[in-house]
Protein chains: 2
Amino acid sequence: MSDDDGTQDVRDASVDVIQRELTAFARRARAAAARVHPEIPLVSYTLLAHIEERRGCRATDLAAHYLLDKSTVSRQLAGLEKLGLVERRPAPDDHRVQVLHPTEAGSKVLATAQANRRAAYQERLADWSAEDLDRFAAYLLRYNAAGTADLPDAPSA
Amino acid sequence: MSDDDGTQDVRDASVDVIQRELTAFARRARAAAARVHPEIPLVSYTLLAHIEERRGCRATDLAAHYLLDKSTVSRQLAGLEKLGLVERRPAPDDHRVQVLHPTEAGSKVLATAQANRRAAYQERLADWSAEDLDRFAAYLLRYNAAGTADLPDAPSA
DNA sequence: CCGCGTCAGTTGTATAGTACAACGGTTCGT
DNA sequence: ACGAACCGTTGTACTATACAACTGACGCGG
């Protein structure tokens with residue numbers, strides 16, 4: 001307990017707001033995503049985007065990145081493959097791993113979904129100044145970076 | 001496209017980052033919540049918090065606020081009641097509605113969960129300056145307010 | 001007062017998304 | 001060559017969710 005000033009109260013209040021608003025956002029995110037791109041099975045969008053971005057990544061990488069169980073990723077991938085949006089190829093050097101690539105259809109679907117999402121975000125953020133957008137983006141980056149630092153399982157300890 | 005200036009590019013880049021980071025956050029939120037308060041059935045935490053905050057609210061209010069189907073709310077509430085965390089009482093003047101109140105156990109569980117969440121957030125935001133926290137909080141408020149504008153949650157009445 | 005439209009909530013059914021555990025195949029270190 | 005570690009799949013179960021059909025309670029126009 002510092003006796004110098006009441007700065008801590010201000011910090012607490014801000015943290016409270018951040019907690020509450022982030023929670024509210026998370027609660028609504030699913031419904032919102034369903035409205036923006038109803039076609040692509042939802043979560044798969046995220047995985048597909050990651051696959052596109054990091055071509056040749058493995059299922060395990062996705063699981064680690066998104067804190068998902070490997071079985072979950074496996075099924076999501078199966079769905080994506082059935083839809084013809086990703087290809088799973090065994091790595092030549094290691095037969096355990098599958099190298100993931102978007103198909104052409106996958107890239108196309110992803111581009112459409114991204115365009116929709118982007119339009120939705122831009123509409124929502126239309127009346128923000130460039131400076132505010134920049135700062136908000138920076139804050140989110142910083143927040144998420146903090147969270148993923150200890151992420152690699154943060155297991156027992 | 002417009003030939004007036006390049007400010008649009010900067011805006012687009014920021015919006016992209018915001019979109020991506022918010023999505024990443026949403027994807028991880030569930031797993032994170034499960035770690036922070038594994039006891040309380042997860043989503044119910046949010047509803048319970050809302051019930052606590054707005055004592056005497058109705059199931060329909062919750063559904064509207066969180067964009068949930070009333071059946072979903074009904075079941076969540078049933079679970080919460082079975083756990084002895086909320087009470088559902090018929091309104092005296094209108095027998096259709098149920099007035100919701102947290103039980104004592106509910107308030108206690110909620111307080112614990114909130115303390116845990118709060119601690120987690122504070123740890124994560126420990127090295128942020130008070131000014132940054134304040135601004136981040138303000139941005140999140142602004143962002144969410146835009147999304148809820150059309151929701152029947154801010155009743156003029 | 002009666003019937004009909006409306007509102008609140010519940011229940012049936014179906015679907016994602018997820019985890020955990022058990023398993024099969026692969027690779028590597030000793 | 002054996003066993004540990006690793007990658008992915010499959011079986012099972014549970015939560016969260018939606019939509020639709022239904023029950024019960026209001027409330028209004030006749």
Side-chain angles (χ1 to χ4, degrees), chain A residues 23 26-35 37-48 51 56-83 86-100 152-153 155, chain B residues 23 26-35 37-48 50-51 56-83 85-100 152:
Chain A
T23 302
R27 287 291 291 98
R28 302 197 184 122
R30 182 174 307 204
R35 276 203 308 276
H37 41 73
E39 283 314 307
I40 170 170
L42 221 37
V43 171
S44 306
Y45 164 82
T46 315
L47 298 184
L48 185 53
I51 290 166
C57 73
R58 306 171 311 164
T60 301
D61 299 337
L62 294 173
H65 188 74
Y66 291 108
L67 289 184
L68 294 172
D69 191 80
K70 51 188 178 154
S71 64
T72 301
V73 174
S74 176
R75 284 184 236 267
Q76 290 291 330
L77 253 25
L80 245 17
E81 188 179 42
K82 198 160 70 180
L83 292 173
V86 299
E87 260 185 344
R88 295 190 275 186
R89 308 202 286 254
D93 54 324
D94 186 337
H95 267 233
R96 290 173 302 181
V97 317
Q98 299 177 335
V99 178
L100 302 171
D153 318 326
Chain B
T23 302
R27 286 294 290 98
R28 293 183 243 235
R30 183 174 307 206
R35 275 204 309 275
H37 41 73
E39 285 313 308
I40 170 170
L42 221 36
V43 169
S44 305
Y45 163 82
T46 314
L47 297 184
L48 186 52
H50 197 98
I51 290 166
C57 74
R58 306 171 310 163
T60 302
D61 299 337
L62 295 172
H65 187 74
Y66 291 108
L67 290 183
L68 294 172
D69 191 81
K70 51 186 178 157
S71 65
T72 301
V73 174
S74 176
R75 284 184 237 267
Q76 290 291 331
L77 252 26
L80 245 17
E81 188 179 43
K82 198 160 69 180
L83 292 173
L85 304 180
V86 299
E87 261 185 343
R88 294 191 276 186
R89 308 203 287 255
D93 54 323
D94 186 340
H95 269 232
R96 291 173 301 181
V97 317
Q98 300 176 336
V99 177
L100 302 171

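We name chains A, B, ... by the order of the sequence lines, and we start the count at 1 in each one. Note that the coordinates shown come from a computational prediction; the quantities given were computed from them, not determined experimentally.
Rounded to whole angstrom, the span from the CG atom of A:D93 across to the C1' atom of C:dG25 amounts to 16 Å. What separates CG of A:L47 from C1' of C:dA16 is a distance of 13 Å, to the nearest Å. Between the CD1 atom of A:I40 and the C1' atom of C:dG17 there is a distance of 15 Å, rounded to whole Å. One can place OH of A:Y66 at 21 Å from P of C:dA16, the figure rounded to the nearest angstrom. Put simply, CG on B:L80 is 14 Å from C1' on D:dA16, counting in whole angstrom units. Rounding to whole angstrom units, NE2 of residue B:H95 and P of D:dG27 are separated by 12 Å. Nucleotide C:dA16 holds its P atom 17 Å from the CG atom of A:L68, rounded to whole Å.
Counting heavy atoms from C-beta on, the side chains of B:L62 and B:I51 come closer than 4.5 Å. At a threshold of 4.5 Å between non-hydrogen side-chain atoms, the residues A:R27 and B:L67 do not count as touching.
Both A:V43 and A:A91 sit near DNA chain C, but only A:V43 has its closest nucleotide nearer the 5' end.
The two residues B:L77 and B:A59 come nearest to each other via the heavy atoms CD2-CB, 3.8 Å. A pairwise comparison of heavy atoms in B:Y66 and B:L47 identifies CD1-CD2, 3.7 Å as the closest pair. The two residues A:H65 and B:R28 have their closest heavy-atom pair at O-NH1, 3.3 Å. The minimum heavy-atom distance between B:R88 and B:S74, with the atom names listed, is NH1-O, 4.1 Å.
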Using a 4.0 Å heavy-atom cut-off to protein, can you give one letter per nucleotide of nucleotides 1-14 of chain C, 5' to 3': B if the base is in contact, S if only the sugar-phosphate is, - if neither? ------BSBBBBB-
